[in-house]
Amino acid sequence: MNENLFASFAAPTILGLPAAVLIILFPPLLVPTSKHLINNRLITTQQWLIQLTSKQMMTMHNTKGRTWSLMLVSLIIFITTTNLLGLLPHSFTPTTQLSMNLAMAIPLWAGAVVMGFRFKTKNALAHFLPQGTPTPLIPMLIIIETISLLIQPMALAVRLTANITAGHLLMHLIGSATLALSTINLPSALIIFTILILLTILEIAVALIQAYVFTLLVSLYLHDNT
């Protein structure tokens, strides 16, 4: 019980060298590919899910926005596999690191904003000053809208980090309580173990939902700027 609660969130090392890069590159290897004319059920199901997700996110986009479809599909697959692998025992979840999530959010957000200022300059600037704003409030409103624009990638990263980290911490606490009670009160330990199983199912759902929410918000930012 004296184990550091945040030890599982520390970046792992191999022979003193950081292993985070290898862990980040590992999830794409788990996505199966096929060179056969007729695919098996796993590949068929995977392609159906990718097409469904892509259609869901790309329906609202114009032709210019749909050029990001490969990027967004790759993003949701990467975050989903990373989140799910992090639920395995003695594993490391890169999406619990704020720096990792900022590294994903900032370039995507910046790319969408730059596209907006390049191709829809008037509409992009109009977001800073809604029509009908009273003259005395114009400077303050421009500052508020600028801050709200700049905080978007931080909100993306913090949302993903907080949800994944909170779930892992809760599972760790309940798992430790189950182990401690197993030698003291077996019925209570079984009840808490049942709660742990239900929480694990909930965390699987959270891992999928957070990957979808992160990608969907990037898609919405892209839609506002294309």
Mind checking whether [X] and [Y] sit in one hydrophobic cluster, side chains of I, L, V, M, F, W, Y counted as touching below 4.5 Å?
X      : Y      : value
Val206 : Met100 : no
Met115 : Leu220 : yes
Val73  : Tyr212 : yes
Val213 : Leu208 : no
Leu87  : Ile76  : no

Got a donor-acceptor contact below 3.5 angstrom from the [X] side chain to the [Y] backbone?
X      : Y     : answer
His168 : Gly86 : yes
Thr81  : Phe78 : yes
Ser54  : Ile50 : no

Which atom names give the shortest non-hydrogen contact between [X] and [Y], and what distance separates them?
X      : Y      : result
Ser219 : Leu72  : CB-CD1, 4.0 Å
Phe214 : Asn101 : CZ-O, 4.3 Å
Ala105 : Pro153 : CB-O, 3.6 Å
Gln152 : Ser148 : CG-O, 3.3 Å
Leu196 : Met171 : CD1-O, 3.8 Å
Thr93  : Thr82  : CG2-O, 4.0 Å

Are any non-hydrogen side-chain atoms of [X] and [Y] less than 4.5 angstrom apart?
X      : Y      : result
Asn83  : Leu160 : yes
Met71  : Leu108 : yes
Ile79  : Met104 : yes
Thr194 : Ile191 : no

Give the other cluster members for [X], using side-chain heavy-atom distances under 4.5 Å between Ile, Leu, Val, Met, Phe, Trp and Tyr residues; answer none if it is isolated.
X      : answer
Trp48  : Leu49, Leu52
Leu179 : none
Ile106 : Leu98, Leu102, Ile151, Met154, Val158

First locate atom [atom1] of [X], then atom [atom2] of [Y], and finally report the distance between them rounded to the nearest 0.5 Å.
X      : Y      : atom1 : atom2 : value
Leu198 : Phe193 : CG    : CZ    : 10.5 Å
Gln210 : Asn163 : CD    : CG    : 3.5 Å
Ile209 : Leu202 : CD1   : CG    : 8.0 Å
Leu150 : Glu145 : CG    : CD    : 11.0 Å
Arg159 : Ile164 : CZ    : CD1   : 12.5 Å
Leu181 : Leu190 : CG    : CG    : 10.5 Å

Practice task
Determine, step by step, whether Ile174 and Ile192 satisfy the side-chain contact (heavy atoms from CB on, under 4.5 Å) criterion, reporting the C-alpha distance in whole Å, the side-chain angles of both residues, the deciding distance to 0.1 Å, and the verdict.
Solution key: CA-CA 7 Å; Ile174 295 179; Ile192 297 180; 3.5 Å; yes
Handout entry: Passing candidate, side-chain contact (heavy atoms from CB on, under 4.5 Å) with Trp109, options Leu149, Leu222, Val218, Leu217
Key =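 When side-chain contact (heavy atoms from CB on, under 4.5 Å) is applied between Trp109 and each of Leu149, Leu222, Val218, Leu217, only Leu149 qualifies.
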